[in-house]
Protein chains: 2
Amino acid sequence: MDKPELLLENQLCFPIYSVSRLITQAYQPYLEPLGLTYPQYLVMLVLWENDGVSINHITRKLLLNTNTVSPLLKRMESQSLLQRKRSEQDERTVIIELTKKGSALKNEAAEIPHNLLAAVSSENMSAEEVNQLKNTLCKWMDALSKPKQ
Amino acid sequence: MDKPELLLENQLCFPIYSVSRLITQAYQPYLEPLGLTYPQYLVMLVLWENDGVSINHITRKLLLNTNTVSPLLKRMESQSLLQRKRSEQDERTVIIELTKKGSALKNEAAEIPHNLLAAVSSENMSAEEVNQLKNTLCKWMDALSKPKQ
DNA sequence: TACAATTATATCGTGTACGATACAAATGTA
DNA sequence: TACATTTGTATCGTACACGATATAATTGTA
């Protein structure tokens, strides 16, 4: 076999891509009772932290584009998780506010991070290794999400 | 702010999800000239390593389901990258074979891993840290992809 | 103050992902 | 050898992602 650099097992990208999908799958049993998908859960994390923000704020926080977030919020609105209304200062801006139902979900979600970590952690990964992983990925995420000059 | 465990910045899942997307985006300028998407590139990696394999082989290698891979291969067949034919030993099995065009693409792809690493590596990440990251993620991928008993 | 440039959001089209389901071929078993 | 089970693949429906494009509101500037 020539070109060992093209072997699947020599790629860094593939484990990232796979682990990302596998973790999303691992969330499902915990999110399904709340009626949330994983991207919807991320939106809720942003709103639980700061309610009444613009769509733009959400796209910046999640590093997603408006053409992903806009329909996502629409689906969540139709589930009565949130409301959209125009800002009075700037008519272009849409402000997203949680409904009572959306706010109340926070308490039900409180256990998820703990439960998920337990679900996806493996015996041969120490807490320190997990922490190291998070640091490296965050550093990388910041570097990759910086506008290229 | 109560429930700090629900802060976006305290999640491990989010940087994985984001880095995965950002890397896929980083591939695009290199894959677009070859007419490949990122998942299609992964399929090509499998086929360049072992041509003439079953669809099942590809799904196991990429940890994807048939309902993702089947249409993916159809799109690639319509681009004349590969051909599908029934196995003679087992009529259920579909064998995927690269076309000349598909095989020839391997040489054009040879530079991609090197170029991509250069494109996504940041100054504050050492080669050792990248290697450590790959090892941790591979270990985790293996653990997560194991059937749960 | 006209008007070009920018900003915030929405829409369209294509390509994944994936749960659920279907179905034919092969295999195991009474 | 009938027949239940398993295996390999395909199809359907829904929900992202994202490039490209559109549009209205705001801002910058001559």
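Within every chain, numbering begins at 1; the chains are lettered A, B, ... in the order of the sequence lines, protein sequences first and strands thereafter.
- Residue A/E111 holds its CD atom at 8.5 Å from NZ of B/K3, rounded to the nearest 0.5 Å.
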For residues 86-95 of chain A, which side-chain N or O atoms pair as donor and acceptor with protein atoms under 3.5 Å away, sequence neighbours left out?
| unit_1 | atom_1 | unit_2 | atom_2 | d |
| --- | --- | --- | --- | --- |
| A/R86 | NH1 | A/E91 | O | 3.1 |
| A/R86 | NH1 | A/R92 | O | 2.9 |
| A/S87 | OG | A/Q89 | N | 3.2 |
| A/S87 | OG | A/Q89 | OE1 | 3.4 |
| A/S87 | OG | A/D90 | N | 3.2 |
| A/D90 | OD1 | A/R92 | N | 3.0 |
| A/D90 | OD1 | A/R92 | NE | 3.1 |
| A/D90 | OD2 | A/R92 | NE | 3.4 |
| A/D90 | OD2 | A/R92 | NH2 | 2.7 |

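- Going from atom NE2 of B/H57 over to atom P of D/dT7 covers 19 Å, rounded to whole Å.
- Under the rule for a side chain to side chain donor-acceptor pair (under 3.5 Å), the partners of B/Q132 that lie at least two apart in sequence or sit in another chain are B/T136.
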Pull out every protein N or O sitting under 3.5 Å from an N or O of nucleotides 11-14 of chain D, one pair per line with the distance.
| unit_1 | atom_1 | unit_2 | atom_2 | d |
| --- | --- | --- | --- | --- |
| D/dT11 | OP2 | B/K74 | NZ | 2.5 |

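- Following chains of ILVMFWY side-chain contacts shorter than 4.5 Å, one can reach A/L137 starting from A/V130, so the two form part of one hydrophobic cluster.
- Applying the salt bridge (charged side-chain N to carboxylate O under 4.0 Å, His left out) criterion to B/K101, with sequence neighbours excluded, gives no partner residue.
- Going from atom CG of B/L64 over to atom P of D/dC16 covers 19 Å, rounded to whole Å.
- Regarding B/L73, its CG atom lies at a distance of 16 Å from the P atom of D/dG8, rounded to whole Å.
- Atom CG in B/N56 sits about 13 Å away from atom C1' in D/dA10, given to the nearest Å.
- Heavy-atom distances under 4.0 Å link DNA chain D to B/Y17, B/R21, B/Q25, B/Q28 of residues 17-30 of chain B, given in residue order.
- For DNA chain D, the neighbouring residues in residues 80-95 of chain A, judged by any heavy atom under 4.0 Å, are A/Q89, A/D90, A/E91, A/R92.
- Among residue pairs with one or both ends in residues 62-85 of chain A, those qualifying as side chain to side chain donor-acceptor pair (under 3.5 Å) are A/E77-A/R84, A/K85-A/E97; sequence neighbours excluded.
- If you walk DNA chain C from 5' to 3' and mark each nucleotide with an atom closer than 4.0 Å to a heavy atom of chain A, the marks span C/dT7 to C/dG19.
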What donor-acceptor contacts under 3.5 angstrom involve side-chain atoms of residues 29-38 of chain A, with partners at least two apart or in another chain?
| unit_1 | atom_1 | unit_2 | atom_2 | d |
| --- | --- | --- | --- | --- |
| A/T37 | OG1 | A/Q40 | N | 3.3 |

Inset, instruction - Apply side-chain contact (heavy atoms from CB on, under 4.5 Å) to B/V46 and B/V43, showing your working. - result: CA-CA 5 Å; B/V46 173; B/V43 170; 5.7 Å; no
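- Sorted by first and then second residue, the pairs that involve residues 51-64 of chain B and meet side chain to side chain donor-acceptor pair (under 3.5 Å), not counting sequence neighbours, are B/N56-B/T59.
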Would you give me the side-chain donor-acceptor pairs under 3.5 Å for residues 18-26 of chain B, sequence neighbours excluded?
| unit_1 | atom_1 | unit_2 | atom_2 | d |
| --- | --- | --- | --- | --- |
| B/S18 | OG | B/F14 | O | 3.1 |
| B/R21 | NH1 | A/L63 | O | 3.3 |
| B/R21 | NH2 | A/L62 | O | 3.2 |
| B/R21 | NH2 | A/L63 | O | 2.8 |
| B/T24 | OG1 | B/S20 | O | 3.0 |

Legend entry - From CA spacing to verdict: side-chain contact (heavy atoms from CB on, under 4.5 Å), A/L98, A/L81: CA-CA 6 Å; A/L98 287 172; A/L81 293 169; 5.6 Å; no
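- Hydrophobic clustering (side-chain heavy atoms under 4.5 Å, transitive across Ile, Leu, Val, Met, Phe, Trp, Tyr) groups B/M125 together with A/L133.
- Looking at residues two or more places apart in sequence or on another chain, you find a ring-ring contact (aromatic ring centres under 6.0 Å, His included) between B/Y41 and B/Y27.
- We find that CD1 of B/I58 is positioned 13 Å from C1' of D/dG8, with the value rounded to whole Å.
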